[in-house]
Amino acid sequence: QVQLVESGGGLVQAGGSLRLSCTASERTFSRYTMGWFRQAPGKEREFVAFIHWTGSITAHADSVKGRFTISRDNAKNTVYLQMNSLKPEDTAVYYCAADRQGQTATLPSVYDYWGQGTQVTVSS
């Protein structure tokens, strides 16, 4: 069972930046596609970004494109989400997830392992 631990969330003013990190407990991380999702109160969990295990394929939701960037460091078993130009509507709990099949997917149901989430709050 892979364990994923997120960190880096917090309170930031609109226009500010945060970098989220997610570290996996196993080296098999390097073969997993990793995704970031978020869930705001009263809303469904939504796709934010994913990065293929090779690192060569990434995708970002339209709502964050140009502001957020996903990256990974397989030597550190860690995936990152750099978030710039944050907006109040980015406020949510952010989750990282791992797809052990190494697919490229935006649906939460495809992902096998999930972290506990980290809160991001953007004030106006």
Side-chain angles (χ1 to χ4, degrees):
Q1 182 78 10
V2 175
Q3 293 186 336
L4 302 174
V5 180
E6 301 103 333
S7 61
L11 173 64
V12 64
Q13 289 188 332
S17 298
L18 286 174
R19 188 176 79 156
L20 305 183
S21 300
C22 171
T23 301
S25 60
E26 297 184 7
R27 288 188 174 185
T28 47
F29 163 90
S30 66
R31 291 292 186 177
Y32 297 161
T33 290
M34 298 299 297
W36 284 99
F37 293 79
R38 67 186 182 185
Q39 189 166 17
K43 295 188 176 181
E44 293 187 353
R45 191 166 299 189
E46 66 173 359
F47 166 74
V48 176
F50 73 70
I51 183 166
H52 190 250
W53 66 269
T54 61
S56 62
I57 303 171
T58 63
H60 298 77
D62 287 344
S63 59
V64 307
K65 202 169 291 184
R67 300 188 298 121
F68 292 9
T69 303
I70 190 170
S71 62
R72 67 189 298 158
D73 185 341
N74 286 344
K76 295 182 178 180
N77 289 359
T78 300
V79 62
Y80 304 97
L81 185 68
Q82 178 66 45
M83 305 187 296
N84 299 327
S85 303
L86 282 160
K87 303 175 181 180
E89 51 263 45
D90 294 319
T91 295
V93 177
Y94 283 70
Y95 299 89
C96 74
D99 168 22
R100 61 188 176 185
Q101 301 299 321
Q103 304 168 92
T104 53
T106 62
L107 291 175
S109 58
V110 171
Y111 290 78
D112 303 292
Y113 306 111
W114 291 82
Q116 81 288 349
T118 185
Q119 176 71 46
V120 171
T121 303
V122 185
S123 63
S124 58

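For this chain, numbers begin at 1 and follow the sequence in order. Just so we're clear, the structure is a prediction, and the values are computed from it rather than from any experiment.
- Val79 and Phe37 are not part of a single hydrophobic cluster, where members link through side-chain heavy atoms under 4.5 Å apart.
- Although no hydrogens or angles enter the test, the distance criterion places a donor-acceptor pair under 3.5 Å between the side chain of Arg72 and the main chain of His52.
- By the 4.5 Å heavy-atom criterion applied to side chains, Lys76 and Ser21 are not counted as neighbours.
- Annotation: side chain of Glu89 is not in contact with side chain of Val122 (no heavy-atom distance under 4.5 Å).
- The shortest side-chain heavy-atom distance between Arg27 and Asn77 falls under the 4.5 Å cut-off.
- Tyr95 and Met83 fall into different hydrophobic clusters, where Ile, Leu, Val, Met, Phe, Trp and Tyr side chains are chained together by heavy-atom contacts under 4.5 Å.
- A continuous path of Ile, Leu, Val, Met, Phe, Trp and Tyr side chains, each step under 4.5 Å between heavy atoms, connects Ile51 with Val2, placing both in one hydrophobic cluster.
- The CZ atom of Phe29 sits 8.0 Å away from atom CG of Asp73, with the distance rounded to the nearest 0.5 Å.
- A donor-acceptor pair shorter than 3.5 Å cannot be found between the side chains of Tyr32 and Arg100.
- A salt bridge links Asp62 with Lys65: at least one charged nitrogen is closer than 4.0 Å to a carboxylate oxygen.
- Scanning for side chain to side chain donor-acceptor pair (under 3.5 Å) contacts around Thr23 gives Thr78, with sequence neighbours left out.
- At most 12 non-hydrogen atoms from other residues, nucleotides or ligands lie less than 6.0 angstrom from CZ of Arg31.
- Interatomic distance, Ile70 CD1 to Phe50 CZ, rounded to the nearest 0.5 Å: 8.5 Å.
- A search for ring-ring contact (aromatic ring centres under 6.0 Å, His included) contacts involving Trp53 returns nothing, not counting sequence neighbours.
- Annotation: side chain of Leu20 is in contact with side chain of Val120 (closest heavy-atom distance under 4.5 Å).
- Under the 4.5 Å side-chain heavy-atom criterion for Ile, Leu, Val, Met, Phe, Trp and Tyr, Phe68 and Val12 are members of the same hydrophobic cluster.
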